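Here is the structure we will look at, set down as structure tokens.
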Amino acid sequence: MSRHETGCPKAFVLGHPIKHSKSPLLHRAAYRALGVEMEYERLDTQVDQLAEVFARHTPEGGTRGFSVTMPLKSAVKDQVDKLTPFAQALGVVNTVYWQRGDDGQFTSWGDNTDVSGIVNALRQAGLVGKPQRAAIIGGGGTATAALAALRAMGADGVRVFVRDASRAQGVADAATRLGLNLDFSPIDSFAQSYAEFDVTICTLPAGAADRLLAAANRGKSSGYLLDVSYDPWPSVLAGEWESLGGTVTSGLEMLVYQAVDQVKLFTGQDRAHPLPQQKEVLAAMRQAVGLPPTGFDPESVNGPDWLKS
């Protein structure tokens, strides 16, 4: 894309509400570290506004991509030309980007980088090897990404704790596509069984899990917890988890690592390969959101051999 054709390249994070999103801090820091001229802004968007947003912010006008958050991760599928096999298997999209063909025409793609975010957040926290017993709390779009992340780490089955299993059909369907054994349990029963799992991923909104461990048996230790909520941090759940002897990591770590893959896609690079100067880019991103530096080297997770078509 030439400069006269597009103006300054730009990308947006779409969702509602969106004013507290830390994605602009992460992306702007990454583009500065890469020496790439790219604007990145919040764009408050509800489901019925998606078509208008796609019509107004086009690749011909310089838009390189959208980061997509709630409540748009399912609805945005209807706006893109194609889904990557990974996004198709998951059924949820958190990233939109464009590719230009030999004929000069642009194709919009829907992809999912949340899985990379989850896997790397847990690996950085110290989880190694294959999760033997895994749990997910919640049954929405992030729970679907959590399924795929656990599958990528080698899990064979997952127990999902929800208030109403009939409203989590998308999670059940994704488990089938991903080749995972799945069973549902009432969310109120988690306090009695938390110690059974070596890894738990809580996908509930901020505050919704505050009472989750109120009836827990305090004599049992806990494993690894990723709480996708990160404001405030530590969450009530994370604090209680640590008091039970477990290890916690936050959704802010997940946000950093999923953004790394988005930066690759928005700058026209292959997800499978590291960014140029990735160590420096990661350090800048972490500093931008107040996370301490780490030497952790993330992997990109976007549909290896276990992914069913």
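Any value given below was found using the heavy atoms of this structure, including those in side chains, with hydrogens, waters and symmetry copies removed. Keep in mind that this is a model prediction, so the values were computed, not measured.
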Taking the side chain as every heavy atom from C-beta outward, state whether Met153 and Leu127 have any pair of such atoms under 4.5 Å apart. yes

Please determine whether a side-chain nitrogen of the Lys or Arg among Asp231 and Lys22 lies less than 4.0 Å from a carboxylate oxygen of the Asp or Glu. no

When rounded to the nearest 0.5 angstrom, what distance separates OG in Ser185 from CD1 in Ile137? 11.5 Å

I'd like to check Val93 versus Leu83 (side-chain heavy atoms, cut-off strictly below 4.5 Å). Are they in contact? yes

Answer whether the closest heavy-atom distance between the side chains of Pro298 and Val256 falls below 4.5 Å. no

Less than 4.0 angstrom from a charged side-chain N to a carboxylate O is my criterion; do Arg133 and Asp198 meet it? no

Charged N to carboxylate O under 4.0 angstrom, Arg64 versus Glu39? no

With a 4.0 Å cut-off, would you call Arg151 and Asp156 a salt bridge? no

Spacing of Ser74 atom OG and Leu90 atom CG [to the nearest 0.5 Å]: 10.5 Å

Between Arg159 and Glu196, is any pair of side-chain heavy atoms under 4.5 Å apart? yes

If the threshold is 4.0 Å, N to carboxylate O, is there a salt bridge linking Arg32 and Glu280? no

Are any side-chain N or O atoms of Thr113 and backbone N or O atoms of Gln258, one a donor and one an acceptor, separated by less than 3.5 Å? yes

Can you classify the ring geometry of Phe197 versus Phe190 as parallel (below 30°), tilted (30 to 60°) or perpendicular (above 60°)? parallel

Between the main-chain N or O of Leu275 and the side-chain N or O of Gln278, is there a donor-acceptor pair closer than 3.5 Å? yes

Main-chain N/O of Phe54 paired to Thr58 side chain as donor or acceptor, under 3.5 Å: no

Main-chain N/O of Ala215 paired with Gln192 side-chain donor or acceptor, under 3.5 Å: yes

Which class fits the ring pair Tyr40 and His27: parallel under 30°, tilted 30 to 60°, perpendicular over 60°? parallel

Does Ser21 use its side chain to pair, donor to acceptor, with the backbone of Ile18 at less than 3.5 Å? no

So how far is it from Tyr97 OH to Asp261 CG, rounded to the nearest 0.5 Å? 10.5 Å

Heavy-atom side-chain contact between Leu212 and Ile187 under 4.5 Å: yes

Taking Glu253's backbone N and O only, do any of them form a donor-acceptor pair with Tyr230's side chain (distance below 3.5 Å, no angle check)? no

Measuring from Arg163:CZ to Asp188:CG, what's the distance to the nearest 0.5 Å? 7.0 Å

What I want to check is whether the side chains of Ser67 and Gln262 have a donor and an acceptor closer together than 3.5 Å. yes

